[in-house]
Amino acid sequence: MTRDVVIVGGGTGGAVLANDLADRFASEIDAGDVRVTLVNDSDDHVYKPVWLYVPFGKREPSDGRRPLRDLVDSRVDVVIDRVTDIDTDAQRLTYRDGSGPGRYDKLVLATGSRLAPEEIPGLVEGGHDYYTEEGALALQEELLSFTEGHLVLSVIGSPHMCPAAPLEFVFMADDWFRKRGLREDIDITYTYPIQRVHGNPHIAEWAAPLMEERDINVETFFNAEEIDAENGVMTSMEGGELDYDLLVTIPPHRGIDLVEEAGLGDRGWVEVDKGTLEAVHADNVYAIGDTADTGVPKAGSVAHYQAGVVAQRIASELRDRPATEVYHGKTVCFIETGMDAASYVEFDYENPPTPPAPSKKLHWAKLAYNESYWLTARGLL
Amino acid sequence: MSETQAEKTVDSRGAACPGPLMDLVGAIREVDSGTVVALLSDNDQSLVDVPEWAAESGNEVVGTEEAEDHYRILVRKA
């Protein structure tokens, strides 16, 4: 009987995992003993880091899109459909269009993050973001006509995708306005929910002096409570108040509702063993990338490394061998510190990051990686 | 350990900093004024983060209890 591995979600984690499994199971798939299905609710695979550059006119959203089928090994069944129910007891899935395999032997949830701006009153009306294509394009319009006033970047949701991106945005905005001769007429304020400028204390320690050098105002312990879009005022749970002319936010994030409905975890994040990435509340279910509640950043590199771990574990389990691969929290991120300089962090559960001084070389390395990302999605890099 | 009553409990055991504090902030956001929320955390940093945030935000830490492998920090929403 064919054993079914179903991956839900065709982002970085899902695509890398599907290609890895196609490689490992090539002969079993050809013999009909194993089937690998990748379910995604749209035709395209999206490389979200491109959106950071869109507001500054450096990239177009189309630079971050490719047809998913072009990136995935032909041995993988790509199904464009939406999963509407997960029954972890019966190991069955239900689909909107009914086009995927009903039963699974191994299920991997790689369903990512979605924005939930509606959780903060006034945020939908008052805030811009660069965490969606539409948001990045709308912000581009605003930035191009913004020549004076107060730009506020507020991190409202945590955890959120790419924890470096809020820092990158203010560093890039500062440099972009300086290069255009506008910086003296524009104040920039960065707000963060806890008592430092980043969740990771080592990154916070590195970033705070850079922000001070560049006259970027900082408000910590600032958890947005309400946005008055009409008057351009945001208030915080801590009693703070900020007037703004242009508000850019990192909205609250959630995973998909199905995760909670299936009893796998709160707010759409699957509760997992941090090493094996197996769901705590169901057998034969894994989660990777943003979906896995591991405490490490919601970032593409995390999804990439976790996909390799889960591929090895699933291959071993289906071959009745011990699964030995363990995820140790490895995370790698570039951090843009302007329009032509960047730093870099690498860390895991045990070893903290030590970001080097920003350099042009690291900026070029980040741009080079962005261009070669498609090799990652194909499982080649 | 005799547990003080809380109307809502947030279980953040296993979460790395600042996860527990952010979980608490999310819970406080959703409850009415006067409600006591219990945060379960096994991260020592929560013993510093939570009182600092409560002082900053005007909420009140009404108790901290220590169990075998975690803390239970009670915060009343202002």
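Lettering of chains follows the sequences in order, A, B, ..., and the numbering in each one begins at 1.
- With values rounded to the nearest 0.5 angstrom, A:I194 atom CD1 is found 12.5 Å from B:E56 atom CD.
- Taking the side chain as every heavy atom from C-beta outward, B:W53 and A:M237 approach each other to under 4.5 Å.
- Crowding of A:E205 atom CD: a count of heavy atoms from other residues, nucleotides or ligands under 6.0 Å not exceeding 12.
- Remark: A:Y130 engages A:F169 in a ring pair (Phe, Tyr, Trp, His ring centres under 6.0 Å) (not counting sequence neighbours).
- Other residues, nucleotides and ligands place more than 12 heavy atoms under 6.0 Å from the CD atom of A:E125.
- A 4.5 Å side-chain heavy-atom check between A:I120 and B:R29 finds at least one atom pair inside the cut-off.
- Considering only heavy atoms from C-beta on, B:M22 comes within 4.5 Å of A:N223 through its side chain.
- With a 4.5 Å cut-off on non-hydrogen atoms, B:D49 touches chain A through its backbone and its side chain both.
- With a 6.0 Å radius and a threshold of 12 heavy atoms from other residues, nucleotides or ligands, B:D42 has its CG atom above the threshold.
- Within the 4.5 Å cutoff, no side-chain heavy atoms of A:F221 are placed close to those of B:V25.
- Sorted by first and then second residue, the pairs that involve residues 111-121 of chain A and meet side-chain hydrogen bond (donor to acceptor under 3.5 Å, both in side chains), not counting sequence neighbours, are A:T111-A:T291, A:S113-A:D290, A:R114-A:D257, A:E119-A:R254, A:E119-A:R267.
- For chain B, the option among A:P159, A:A224, A:P201, A:P252 with the highest count of heavy-atom pairs below 4.5 Å is A:A224.
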